[in-house]
Each structure stands twice: as structure tokens, then as C-alpha cells.
2 protein chains.
Amino acid sequence: MARRGTTTTIADVARHAGVSPATVSRVMNDRFVGEPSVADRVRRSATELGYSPSPLARSLALGETHTVALLVPDIRNPAFQAILGGLTRAAARDGYRVLVADSAETPDDEPVLATELRRRCDSVVLCAPRMPEETLVELAATLGPVVLINRPSPSVSAPSLSIDYGAGITELAQHLYDQGHRTFVYLGGPERSVSNERRRRALDEFEATMPDVILHRISCGADTEDGRRVATLVRESGATAAIAFNDLVAIGLVDGLAAEGVRVPEHLSVTGFDDIPFARYTSPPLTTASVPYEELGMQAWQRLHALGRDEAPGDDVLLQPRVAIRGSTAAPGRRAGIGSGAAAETVGSS
Amino acid sequence: MARRGTTTTIADVARHAGVSPATVSRVMNDRFVGEPSVADRVRRSATELGYSPSPLARSLALGETHTVALLVPDIRNPAFQAILGGLTRAAARDGYRVLVADSAETPDDEPVLATELRRRCDSVVLCAPRMPEETLVELAATLGPVVLINRPSPSVSAPSLSIDYGAGITELAQHLYDQGHRTFVYLGGPERSVSNERRRRALDEFEATMPDVILHRISCGADTEDGRRVATLVRESGATAAIAFNDLVAIGLVDGLAAEGVRVPEHLSVTGFDDIPFARYTSPPLTTASVPYEELGMQAWQRLHALGRDEAPGDDVLLQPRVAIRGSTAAPGRRAGIGSGAAAETVGSS
DNA sequence: TACGCTCGTGAAAGCGGTTTCTCGCGCTGT
DNA sequence: ACAGCGCGAGAAACCGCTTTCACGAGCGTA
């Protein structure tokens, strides 16, 4: 904030133009209906004094801030950054700004963080994968306009936008199965994460459906480092294919395996999840499920914008990942053909 | 904002506790000096009514918002996301939030955007690589607390944090030279970008210093797609080493070259710049100059925080990139040895 | 000519806090 | 016993803008 008395206020303009603050306000907001000459005079005074209304004061008076909050567990996660990108761009088109906050992977802080953010903003995009359901229900009720990312729930009043992780992971497993794999290992994400739960359920079902499939499970994490850490465990598991919680884990795993002399996909196939921008450029390019996170961010804004104008926000949406077959998967025990480079890619729909 | 009359205000608490709003305010801000029993009563009323002060009203009254703005040309750029990450985390530690905005690569919009943001925030981190110097000087003067990213300038009153792009690119060139390359091609970034200018100057000087070096220049861009687009030009240039404006361009280039059957580094060496998190996982792992963007974000906050308390913000800083030698560079015309995997890496300092 | 309308504008009451200023009270000093 | 002092807490002004309400002027009509 500028030093007190430095900024020109609406009163200054009013005085300069010889009118009342009310009139200045009306002119600035195109709500003025009187003599055009008066409006002109006000406008001239405004530009002459370099006046622009204080957004803060307007927010207080109007009860709206033209700001939307985004709360995520870790802002450095590329998936959240993609959401942020989509949200920022979409909101900007309607003259809204985005306030970001990061709970530093501490679900306990999220309710108070969210409420605090909410008071600065008109609405909030909440991404709280590890928040307990009951806390979420309570929070969503008090929060007002909010959209939930990846937390579809009939008991919550807010619209939610989610990724069909189950469908994506099933399709990945099926792809591996079709290539001849029978022994899998799943590298689980954060323990209490909803999206991890979705993936696990889908894999449980896959295992139950396919009698000849063996599925090992390793509790891992969501970061590159987590993937690297479990490389040895994966190697020793006897699996021919590893299904990683996400791309970061997969990338870390591939790297960790390389350090142990295990080649991907020659010795072991690996799949990721998310299709972060660089998944296609990794070594080898990563077979993964492509998730439209930027789209998610844009749709989130669309819902909130509707909600803010008391329109119907639209139904909950379950966005379908698209599996992208790249170089990190191959038939077990078979060497990958020479020339299977970054350019080759198949995209399947689900 | 909650529906009018829904939120409990300071007046409600005052009434409930049988005191004046002034007293409530003092209690809430630990400025209360009277009878402890009164303070207790107020605190009880506050929690009972679920009261929390409106940040908006406080901001208006206090003249500070506890918010800092970040303005960048494109929020989707990983470098900016890293800065955002560092800034967000550092600011959060002091109870500040970050408001993000993206000028959509439109330098003309930046001055008005920045001023608008500034009115909502206590300070702003400005990253405007393509803004004309004179505009910047003017803007920085009116903006108040601001730190400039990558725009060191004696004529601007604001502190600046920059990357020594010249040193980084020179070191990369030198590395290539040491490996035996003599014909280079530089893939230039955005035409009017300051950081591109810095790289170009350094390469001009490098060319002048090394008599046997031939340096071609291609105007390219800053994105993966730009790199892919110029792959053919690069191949036809006759250069044995390509120095890309940044990692994204390098990655795109490598991909584009692969599509034309040109192998990296066997046929052509490629360097990037930035060392985005995935540079080490590309295929092949990218030789690049590692730039501490997250650190940049944190330092930016540190300066602004100091500035906000009328402390000396500290001197301008020129952060040194560290060149990371990876798999995308090799001696010209020599095949890379088998087994040069992602794990192998040398880090040099500058 | 008087009455009632509409139209253009200003006065003032919010929005929800903070802070200065003031005032009443009880305590001390002589 | 009374002036003076310090302390605890409230009244009111203020931050900068919006908006309702009121008011006076000008007009048309009876």
C-alpha cells in the first residue's frame, strides 16, 4: 500500500471536478445518467489526477473481491501447476485473479487455510486429497462457492471435477496384460489420498477379474524421490511391470532402476499417470494416462463463475484420462526393437 | 463473500461480550492492556460466535494486505512455476499470500496489469523480460515495493534478482568447445527478451574470442514447439552443436531431430538452459545450465519483506547458473559409449 | 397558479475494521 | 479532604468506495 495520503481518492476527484463523491462513483462505474458534461468533467479530473479506484475499498463495499483462491497440497507438483495455469487463464478472461496457497502436504491445516482464503476471495478451488470426508463435508458447507478437485461425493454440496483414475489405471493394467505381463507391482501414492484409493480399488478389481494376474503392492509416495527409493524393492518383487502412482514416481523409479542396471522396458515395463508435459520426453518416453489438468482448471473456473452469478454450476464431471502408449512398456522379457524413439506414440481413448 | 448479514462482525462480538468494538479489536490484536477478565470475556464471545476478523476490512484500515503479487509473461512456463513455488513457500512463512497474474506474453499489458495488482497487494514481483527499459523505469518508480526478476538496471530504483545468463551460456559453449565442437548454432529466444539478449552478447563475445569458432544464429522462441519447428534448419546448418535458448526449446529440438533421424548426441550435441526438474530425465538427459529459480523466488520474498519493513533490501544479486553435463553433449562425430545412462552426471560450477 | 412528476445530484449511512482522543474513575501525595 | 495523576474502556473519526434516500429544480398538467 502506498504511503498514507499519497494516493488520490475519490474525494480528491470529486473536489477537483466540483461534484460529490457519489457522482464520481457513478461515472466510474458507468451508472451515471445525468448531464454528459458533468460526466466529462469527472472523467477529465480522474485522468488528470491519475485516479483509479481502490480495489480494496470496492471489495469491502461491494462484498466481492474478483479473486478466486486455489488451495493445493503442494504447489510444486506439476499437476497442480497445470490446474493453476488453466484456472488463471480462464479467470483472467472474466477479470478475476487467482490467489494461491499450499498446505505443504499438511491436511490438518487445510480447513483453517481454506476459510482464511475464502474471506479474501469470492470462491475457492479446493484440492484436498487427504482431507477426511467428514471434515470436507463440514468445510464445504461453510465455505460458500467452492469446487472440489478429485473429491466427488454425494454428501458434499459443492460441485466436483474429478479424474476417473480407476478407468485410467485399469486401462493401463489391461495394456500391460495384453502385452503379456502377469505379475504386476503397484507403487501406491500417499496413504490417505482419495485418488490413490481410487487407483487401488480399480486394481483390486482388475486382479479379481483376471485369475492369472499377480499384483504386488508397495506403499510409495507421490514424488520422484519416492520412486527412486523403492527401485530395489520393485526389482526384487519379481514383477515384470510396475504401475506407478504418477509420472513423478515412475520417472524416479526408472532412474533408480537404471542405477541398479535394470533397463526399462527391456527388463521391466513401467507406467506413470498424469502425462505431465515432460512424460513424452523422458528416457524412455513414458507410457502413462493423460490427464487434462489444464482443462480441469478451466472448468473449475467456469463452475465458480456460474455459481457466483447464481446460475446452475452444471453437473459433476468425471474427466476420462487417455492412455498414451510410449516407450516405457513392452512385452516382458523381450528386448525393445531398435528405433523405438520418442516420436512413436499411440494414443488410446477410454 | 458470504451473503450479507451472514457473517458475524466485530460489532456482534462487542454486543455479545458487553464491550465496545474498540475493545474487541484490541483483544484480537493483542493490544489489550486492561482487566484480564474483560479480555477473557471477549475471547469467549469470539469463539462462541465463531468470529474471525474480515481481512478485507483490516486491509483497508491498516493499509496492508499481506499479499504479494507475481506477474509473469506465462504462468505455464516451468521456470516461472519454480519461482512461484519458492515465493509462495517463503511468503507463507511470514503469513503472506501470493496473487498470480499472467500477461499472456503481451508486454503492452504489463504496466496496467502491474499497477492494478499493486493496489491489491503490498508489493509485487515483476518478471517482464520484454518490457522496454523506459517503461520499466517509469513503472518501477510508481509501483512502490517491487523486485525485478532478470532485469538488473542502474536506472531502476528497485532491487533486482537476476541470473547470470552470460556466464552460463559461455560455460556451455566452452564445454562444447572443449569437446571439440567448432561450428555452433544458437537457437535464440524471444526477440526482445532481455535474457535472450544477455545470452546473445555472451555468445558474440565467445565467437570473437575464439577465432576458429563459427556461430550460426536462428531466431526460434521459448517453447517446446519452437524447438521442434527449427529442427530441420538446425540439421541443415552444418553445426555439430546446438545451444538452445532454454530446456523447453532443447527438448523440442531433440524431439524434432529424432523425427528426422538425427541422433543426439551422436550426430549433434544439444544444450539447454534452466535445468527444469525434468531436464535430467529427458532422452538423452540434457546438458544444461542449472538455474536456482526456486531460490530466486525465495530471495525475492526476502527482499520484499525487508522493503516492507523499511529495511535495506540488500544488494542486487546475480545468481550463477551451474552447468550440468549430461548425456546430450558429446564429442562431434563420435558415437556415445554404451551405458551412458541417466545416472551419470557431472556438475561444474561457474 | 398550484400540484405532482421526473430528473439530476448530493448527503449520509453503510461495508468491517483500527486508532486517536477523551472521559470517568480510583488512587496517591500533602 | 482535595488536586493531580494514571489507567481502563468507550465514542467517534477514519480507511475509500457504493448506494439508498432525500431534496430541489424544472416541467407538464389541471
S.K.: Tell me whether the OP1 or OP2 atom of dG16(C) has a side-chain N or O from Arg58(B) closer than 4.0 Å.
M.R.: no
S.K.: Can you tell which of dT19(C), dG17(C), dC17(D) lies closest to the side chain of Arg31(B)?
M.R.: dT19(C)
S.K.: Quick one: Leu56(A) CG to dT18(D) C1', roughly how many Å, whole number?
M.R.: 15 Å
S.K.: Donor-acceptor pair, Thr67(B) side chain versus Thr65(B) backbone, under 3.5 Å?
M.R.: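 Looks like yes, one N/O pair under 3.5 Å.
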S.K.: So if I take every side-chain heavy atom of Ser25(A) and compare against dC17(D), dC15(C), dT18(D), which nucleotide ends up nearest?
M.R.: dT18(D)
S.K.: Do Arg151(B) and Ser160(B) touch side chain to side chain, with heavy atoms closer than 4.5 Å?
M.R.: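 Sidechains of Ser160(B) and Arg151(B): no contact.
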S.K.: Look at the aromatic rings of Tyr96(A) and His305(A) and report parallel, tilted or perpendicular, splitting at 30° and 60°.
M.R.: perpendicular
S.K.: Can you list, pair by pair, the side-chain donor-acceptor contacts under 3.5 Å of residues 83-90 of chain B, counting residues two or more places apart and other chains?
M.R.:
| unit_1 | atom_1 | unit_2 | atom_2 | d |
| --- | --- | --- | --- | --- |
| Thr88(B) | OG1 | Leu84(B) | O | 2.6 |
| Arg89(B) | NE | Asp102(A) | OD2 | 3.2 |
| Arg89(B) | NH2 | Asp74(A) | OD1 | 3.2 |
| Arg89(B) | NH2 | Asp102(A) | OD1 | 3.0 |
| Arg89(B) | NH2 | Asp102(A) | OD2 | 3.0 |

S.K.: When you measure from the side chain of Thr106(B) to the backbone of Asp108(B), do you find a donor-acceptor pair of N or O atoms at a distance under 3.5 Å?
M.R.: no
S.K.: What is the distance, rounded to the nearest whole Å, between atom CG of Asp30(A) and atom P of dT18(D)?
M.R.: 12 Å
S.K.: Find the distance Glu64(B):CD to dG16(D):C1' and express it as a whole number of Å.
M.R.: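 It is 17 Å, rounded to the nearest whole Å.
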S.K.: Check the pair Ser59(B), Glu64(B) against side-chain hydrogen bond (donor to acceptor under 3.5 Å, both in side chains), reporting the backbone distance first and the verdict last.
M.R.: CA-CA 5 Å; Ser59(B) 293; Glu64(B) 63 176 36; over 6 Å; no
S.K.: Please lay out, stage by stage, how Arg119(A) and Leu56(B) fare under the test side chain to side chain contact (heavy atoms under 4.5 Å, CB included).
M.R.: CA-CA 8 Å; Arg119(A) 305 220 46 188; Leu56(B) 244 61; over 6 Å; no
S.K.: Do the side chains of Glu105(B) and Arg130(B) get nearer than 4.5 Å, heavy atoms only?
M.R.: yes
S.K.: Specify the separation, in whole Å, of atom CZ of Arg119(A) and atom C1' of dG17(C).
M.R.: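 Value for this atom pair: 11 Å.
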S.K.: Look at the side chain of Leu62(A) and decide which nucleotide, out of dG16(D), dT19(C), dT18(D), has an atom nearest to it.
M.R.: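 Selected nucleotide (nearest to the side chain): dT18(D).
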S.K.: Measure across Ala14(B) and Ser20(B) and return the closest heavy-atom pair with its distance rounded to 0.1 Å.
M.R.: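 Heavy atoms only, the tightest pair is CB-C, 3.7 Å.
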S.K.: Please give, in whole Å, the distance from dT19(C) C1' to Ile10(B) CD1?
M.R.: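 It is 12 Å, rounded to the nearest whole Å.
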S.K.: Without decimals, in angstroms, what is the distance between Leu60(A) CG and dG14(C) P?
M.R.: 14 Å
S.K.: Quick one: Met28(B) CE to dG16(C) C1', roughly how many Å, whole number?
M.R.: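 For the pair Met28(B) CE and dG16(C) C1', the rounded distance is 13 Å.
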S.K.: NE2 of His66(A) versus C1' of dC17(D): gap in Å, rounded?
M.R.: 15 Å
S.K.: Could you tell me, to 10°, how much the axis swings from one end of the helix from dT1(C)-dA30(D) to dT30(C)-dA1(D) to the other, five pairs per end?
M.R.: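 For the helix from dT1(C)-dA30(D) to dT30(C)-dA1(D), the axes at opposite ends meet at about 60°.
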S.K.: Extract from the structure each pairing of a protein N or O with an N or O of nucleotides 6-10 of chain D at less than 3.5 Å, listing the distance.
M.R.:
| unit_1 | atom_1 | unit_2 | atom_2 | d |
| --- | --- | --- | --- | --- |
| dA9(D) | OP2 | Glu35(B) | N | 3.1 |
| dG10(D) | OP2 | Ser20(B) | N | 3.1 |
| dG10(D) | OP2 | Ser20(B) | OG | 3.2 |
| dG10(D) | OP2 | Thr23(B) | OG1 | 2.5 |
| dG10(D) | N7 | Arg26(B) | NH2 | 2.9 |
| dG10(D) | O6 | Arg26(B) | NH2 | 3.4 |

